[in-house]
Protein chains: 2
Amino acid sequence: MSDTADGGPASEEPCRAREVLGMVGDKWSLLIVRHLSEGPRRFTELKRSVEGISQRMLTVTLRGLERDGILTRTVRNVMPPHVSYELTPMGRSLREATAPLLEWSTAHLARIGAARAAYDARPDAPPA
Amino acid sequence: MSDTADGGPASEEPCRAREVLGMVGDKWSLLIVRHLSEGPRRFTELKRSVEGISQRMLTVTLRGLERDGILTRTVRNVMPPHVSYELTPMGRSLREATAPLLEWSTAHLARIGAARAAYDARPDAPPA
DNA sequence: CCGAATCCGAAACGATACTG
DNA sequence: CAGTATCGTTTCGGATTCGG
C-alpha cells in the first residue's frame with residue numbers, strides 16, 4: 001500500500017495538514033488525548049499523569065481542545081471544585097487516527113537515535 | 001477497535017510521543033514527507049510545491065529529517081548544482097503512519113471549524 | 001541552483017504567585 | 001481543587017544577505 005487510502009496525493013492545494021498540526025502538533029495535546037482515552041479525568045489527575053506539564057499549559061491546552069470539540073469540560077460547582085474532562089466522539093476518532101503514529105514512534109525511536117548518532121559522526125557533520 | 005493496536009495504554013512512563021512530536025510535529029516536516037512520498041524531488045521543486053516555506057525553513061527541516069534517517073540527500077556536483085531528496089524506507093513507513101491523521105484532518109476540519117465558532121459564541125467565551 | 005549565516009520579531013513554554 | 005495573572009526564557013520562523 002503505497003498510495004491508497006492516505007491523506008491525498010500531496011499534489012493538491014495549500015494542504016490542510018498544517019491546520020491539523022497547528023491543533024495537535026503542539027507539545028501536549030496528543031498526550032492529553034491519549035490519557036483521556038482511558039476515560040474521564042479530573043484536572044489534577046491529568047496534572048499528575050502527564051507529568052512535566054505546568055498548570056498553565058494544562059489549562060491552555062485543555063481550553064484549546066475543548067474549543068476544537070475534542071473534549072468536554074464538565075464543572076460540578078461544589079466545594080471543593082470538581083471539573084471533569086472527557087473525550088467527545090470526535091476526540092476518540094482523533095485518538096484512533098493518531099494511534100499509528102504513536103505505534104510508529106515506539107517502533108522507530110531507537111533506529112532514529114542510531115541515525116542521528118551516525119549523522120553526527122559523519123565527517124561533514126554540522127558544527128552545532 | 002477502541003483500545004487495541006494503538007500506541008499503548010497511556011499509563012506507561014514519561015511517554016515517547018513527545019519525542020516524535022518534537023521531530024515531526026513542527027510546521028513543515030510532515031508536509032515535506034508527504035510531497036516526497038510521490039518520488040524524489042529537488043530543492044527548488046520542494047520550495048515551489050510546499051509553497052509558503054522559506055528557504056531557511058526548507059533547509060533546516062530537510063537537514064533534520066536527513067539526520068533522523070527519514071530522507072536522503074544526494075548531491076550531484078555539477079553546474080548548475082543538483083540536489084535530490086528522497087524518502088528512506090523508514091521515511092516511507094512514517095508517511096504511512098501519518099496517513100490516518102491526514103485523513104482524519106480532511107474529514108474533520110469543517111466540524112472543528114464549527115466547534116470553534118460555537119465555542120466562541122458561547123456567553124462564557126474567553127475574551128481574546 | 002543550493003544553500004549558510006545573521007538578525008529580529010513573534011509565539012510558545014515554564015516558574016511562580018495569587019484567587020474563588 | 002481548579003484555575004488566572006504576570007514575568008522571563010527559549011524556540012520558531014521570516015527576511016535578508018552572502019558564498020560555492
Side-chain angles (χ1 to χ4, degrees), chain A residues 14-15 17-19 21-32 35-36 40-68 71-86 119 122-128, chain B residues 14-15 17-19 21-32 35-36 40-67 71-86 124-128:
Chain A
C15 195
R18 285 183 53 174
E19 311 180 42
L21 293 175
M23 182 180 54
V24 298
D26 68 311
K27 200 172 177 181
W28 303 108
S29 289
L30 287 188
L31 269 346
I32 292 175
H35 280 280
L36 285 180
R41 290 290 185 271
R42 297 179 54 178
F43 187 89
T44 312
E45 289 181 303
L46 288 171
K47 176 86 171 63
R48 276 196 309 269
S49 53
V50 174
E51 188 157 9
I53 195 170
S54 62
Q55 280 150 310
R56 172 183 149 75
M57 287 318 296
L58 182 54
T59 300
V60 169
T61 308
L62 286 171
R63 283 283 184 279
L65 292 173
E66 183 195 6
R67 188 167 105 102
D68 289 340
L71 53 81
T72 59
R73 176 173 178 267
T74 307
V75 182
R76 317 235 326 180
N77 216 343
V78 295
M79 271 303 280
H82 183 113
V83 181
S84 178
Y85 295 90
E86 184 173 13
Y119 182 91
R122 280 165 45 181
D124 55 343
Chain B
C15 195
R18 286 182 54 175
E19 312 179 43
L21 293 174
M23 183 179 53
V24 299
D26 68 311
K27 200 172 176 180
W28 303 108
S29 289
L30 287 188
L31 268 346
I32 293 174
H35 279 281
L36 285 180
R41 290 291 182 271
R42 298 180 52 180
F43 186 91
T44 312
E45 288 181 305
L46 289 171
K47 177 85 171 64
R48 276 196 309 267
S49 53
V50 174
E51 186 155 10
I53 195 171
S54 62
Q55 274 170 326
R56 170 182 150 77
M57 289 317 296
L58 183 54
T59 301
V60 169
T61 307
L62 285 171
R63 282 284 181 274
L65 292 173
E66 182 194 6
R67 188 168 105 101
L71 54 80
T72 59
R73 176 173 178 265
T74 307
V75 183
R76 318 234 324 179
N77 215 343
V78 295
M79 271 304 279
H82 183 113
V83 181
S84 178
Y85 297 89
E86 183 172 14
D124 55 341

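Order of the sequence lines fixes the chain letters, A, B, ..., with proteins taken first and strands second; residue numbering starts at 1 for each chain.
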- Exceeds 12 heavy-atom contacts within 6.0 angstrom, atom CZ of B:Arg76: no
- For A:Pro40, check side-chain contact (heavy atoms from CB on, under 4.5 Å) against everything at least two apart and list the hits. A:Ser84, A:Glu86
- Does A:Ser54 have any side-chain contact (heavy atoms from CB on, under 4.5 Å) partners at least two apart in sequence or in another chain, and if so, which? A:Arg56, A:Met57
Nearest-Å distance for atom pair [atom1]/[atom2], residues [X] and [N]:
{"X": "A:Ile53", "N": "C:dG14", "atom1": "CD1", "atom2": "P", "value": "8 Å"}
{"X": "A:Met79", "N": "D:dC1", "atom1": "CE", "atom2": "P", "value": "11 Å"}
{"X": "A:Arg41", "N": "D:dC1", "atom1": "CZ", "atom2": "P", "value": "16 Å"}
{"X": "A:Met57", "N": "D:dT11", "atom1": "CE", "atom2": "P", "value": "15 Å"}
{"X": "B:Lys47", "N": "C:dC1", "atom1": "NZ", "atom2": "C1'", "value": "13 Å"}
{"X": "A:Leu58", "N": "C:dC13", "atom1": "CG", "atom2": "P", "value": "13 Å"}
{"X": "A:Trp28", "N": "C:dC13", "atom1": "CH2", "atom2": "C1'", "value": "9 Å"}

- Taken to the nearest 0.5 Å, the spacing of A:Glu45 CD from A:Leu36 CG works out to 10.0 Å
- Note on the structure: Rounding to 0.5 Å, atoms OH (B:Tyr85) and CZ (B:Arg42) come to a distance of 11.0 Å
- NA contact type, B:Lys27, heavy-atom cut-off 4.0 Å: base, sugar-phosphate, or nothing? sugar-phosphate
- Item | Qualifying residue for side-chain contact (heavy atoms from CB on, under 4.5 Å) with A:Trp28, from A:Leu65, A:Thr61, A:Leu62, A:Leu46 | A:Thr61
Might you list the N or O atoms of the protein lying below 3.5 Å from N or O atoms in nucleotides 2-4 of chain D, with each pair's distance?
{"from": "D:dA2", "atom 1": "OP1", "to": "A:Arg42", "atom 2": "NE", "distance (Å)": "2.9"}
{"from": "D:dA2", "atom 1": "OP1", "to": "A:Arg42", "atom 2": "NH2", "distance (Å)": "3.1"}
{"from": "D:dA2", "atom 1": "OP1", "to": "A:Val83", "atom 2": "N", "distance (Å)": "3.4"}
{"from": "D:dA2", "atom 1": "OP2", "to": "A:Thr44", "atom 2": "N", "distance (Å)": "3.0"}
{"from": "D:dA2", "atom 1": "OP2", "to": "A:Thr44", "atom 2": "OG1", "distance (Å)": "2.3"}
{"from": "D:dG3", "atom 1": "OP1", "to": "A:Arg73", "atom 2": "NE", "distance (Å)": "3.2"}
{"from": "D:dG3", "atom 1": "OP1", "to": "A:Arg73", "atom 2": "NH2", "distance (Å)": "2.5"}
{"from": "D:dG3", "atom 1": "OP2", "to": "A:Tyr85", "atom 2": "OH", "distance (Å)": "2.5"}
{"from": "D:dT4", "atom 1": "OP1", "to": "A:Arg63", "atom 2": "NH2", "distance (Å)": "3.4"}

